[in-house]
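Only one structure is covered here, and it is reproduced in the block below.
Values reported hereafter were calculated over all heavy atoms of this structure, with side chains retained and with hydrogens, waters and symmetry mates removed. Proteins get letters first, then strands, A, B, ... in listed order; numbering begins at 1 in each.
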There are 2 protein chains.
Amino acid sequence: MPPEDGRRYIGFLIADVARMMRSAFDRRVRRIGLTRSQWLVLSLLHRRPGVSQSELAEMLEVERATAGRMIDRLERKHWLVRRPDREDRRINRLYLTEDAKGVQAEMGRIAAELLDDAMASLAEGEREALAEMMERMKAQLQSMGQRRAALAEAGSQPGVAP
Amino acid sequence: MPPEDGRRYIGFLIADVARMMRSAFDRRVRRIGLTRSQWLVLSLLHRRPGVSQSELAEMLEVERATAGRMIDRLERKHWLVRRPDREDRRINRLYLTEDAKGVQAEMGRIAAELLDDAMASLAEGEREALAEMMERMKAQLQSMGQRRAALAEAGSQPGVAP
DNA sequence: ATGCAATGGTAACCTAGGCAACGGTTCGCT
DNA sequence: AGCGAACCGTTGCCTAGGTTACCATTGCAT
């Protein structure tokens, strides 16, 4: 195998594993009436209650308009509420309802079970090593993204004209 | 960190890394006029020329209808051709055009470069260990999927009714 | 204080994917 | 031979996300 293909091979593997975990999870949570974007929102809001719509959009990597519509749907289902910020009237802050907290707990159980199954063939030490390597890759990818953003910023700076 | 959260944490890590790689790749290939579903098709067809539309749909995990429309668009761009199978007139077999092969080669270069960057902080031995662990996880996930499919099959068998 | 750019959220339009139904073709069974 | 099941690809309908333009609100600079 030529070295270039070796690197691409790892790329495919990571993508495949992530995709398979995601679709297995999708299938399992569908039984409790959740779609992918919905459980993403619920999971995020559980970790960060009170985020604004824009913050949520950014963290989920979707457009603000898209996030707004996702929130509409979840609010209609009474799984979250919009509450106006006290100091800035432009901002809606988002909170899970009690209903959603139950659903969220069930999701957590399903996720843990799925990961246990998926990592059944990894020893404890291997899991730690895997997590540690993935952390390094994530940090690296983050720094790449930031560098790119910084360059874009700088690139638009010198030109003074609109 | 409670053990259940530890497992979920790895899940998030894998998902994050895969997502970040995917979006970084999206951003880079967009310059050569490719969207995600398009480069997925091109990449697949490069490895497996002559697949049928249904096979492609299954490998990409989309519906046959969706695959058909993706193929329509790529055919209009002259990046692939449908050719009827000689023995089975239901089947269209798919082949990349010369145009597409150039694009595919450029894609490969971009992918290898991106992975090099993303794995910059991993030693050679670590990369191999990572690949090997991901292979085991993928195999495990595959067997889980198959078992599920087999059970569904068996479950629908006993019933004789329509 | 007062323009004025930046920010938060929304509405309108377009594209893309899932789902269900359909016509055409092949295969298996009798 | 022929009849029904299974399979391949397409079409129409619905939902969801991206893009753009817009309004309201805020913060800043003068």
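- Whole-Å rounding puts the A:R73 CZ to D:dC14 P distance at 17 Å.
- Residue A:R36 is out of contact with every strand shown, counting any heavy-atom pair closer than 4.0 Å.
- Note on A:R93: nothing from the nucleic acid sits closer than 4.0 angstrom, heavy atoms only.
- Rounded to an integer number of Å, the gap from CD1 of B:I71 to P of C:dA16 is 14 Å.
- Note on A:L115 and A:L34: same hydrophobic cluster, where clusters join Ile, Leu, Val, Met, Phe, Trp and Tyr whose side-chain heavy atoms are under 4.5 Å apart, directly or indirectly.
- Here the P atom of nucleotide D:dT10 and the CG atom of B:L56 are 12 Å apart, to the nearest Å.
- The shortest distance between the side-chain N/O atoms of A:S54 and the OP1/OP2 oxygens of C:dG9 is below 4.0 Å.
- Proximity note for B:S52 (side chain, C-beta onward) versus C:dT10, D:dG9, C:dG18: the nearest is D:dG9.
- If you take OG on A:S54 and CZ on A:R64, they are separated by 5.0 Å, rounding to the nearest 0.5 Å.
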Inset, instruction - Any chance you could list the contact pattern along nucleotides 19-28 of chain D? Use B for base contacts, S for sugar-phosphate-only contacts and - for none, protein heavy atoms under 4.0 Å, 5' to 3'. - result: B-----BS--
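- Taking atom CE of A:M70 as the reference point, atom C1' of D:dT15 lies 14 Å away to the nearest angstrom.
- Straight-line distance from the CD atom of B:E55 to the C1' atom of D:dC7: 12 Å, rounded to whole Å.
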Using a cut-off of under 3.5 Å, enumerate the N/O to N/O pairs linking the protein to nucleotides 2-5 of chain C.
none

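- A sub-4.0 Å separation between OP1 or OP2 of C:dG17 and a side-chain N or O of B:S37 is present.
- Applying the 6.0 Å contact sphere to CD of B:E58 captures no more than 12 heavy atoms from other residues, nucleotides or ligands.
- Partners of B:H78 according to the side chain to side chain donor-acceptor pair (under 3.5 Å) rule, which considers only residues two or more places apart in sequence or in another chain, do not exist here.
- Considering only residues two or more places apart in sequence or on other chains, B:E128 meets the salt bridge (Lys or Arg N to Asp or Glu O under 4.0 Å) condition with none of them.
- Here A:Q53 does not reach the OP1 or OP2 of C:dT7: none of its side-chain N or O atoms lies under 4.0 Å away.
- Applying the salt bridge (Lys or Arg N to Asp or Glu O under 4.0 Å) test to B:D99 and every residue at least two apart in sequence or in another chain returns nothing.
- In terms of the salt bridge (Lys or Arg N to Asp or Glu O under 4.0 Å) criterion, B:E87 has no residue partners (sequence neighbours excluded).
- Nucleotide C:dG18 holds its P atom 12 Å from the CG atom of A:D26, rounded to whole Å.
- The line from NZ of A:K138 to CG of B:D16 is 3.5 Å long, rounded to the nearest 0.5 Å.
- Across every non-hydrogen atom of A:M21 and B:L141, the tightest pair is CG-CD1, 3.8 Å.
- The interatomic distance linking B:I91 (CD1) with D:dA6 (P) rounds to 18 Å, in whole Å.
- Here the C1' atom of nucleotide C:dT10 and the CG atom of A:N92 are 11 Å apart, to the nearest Å.
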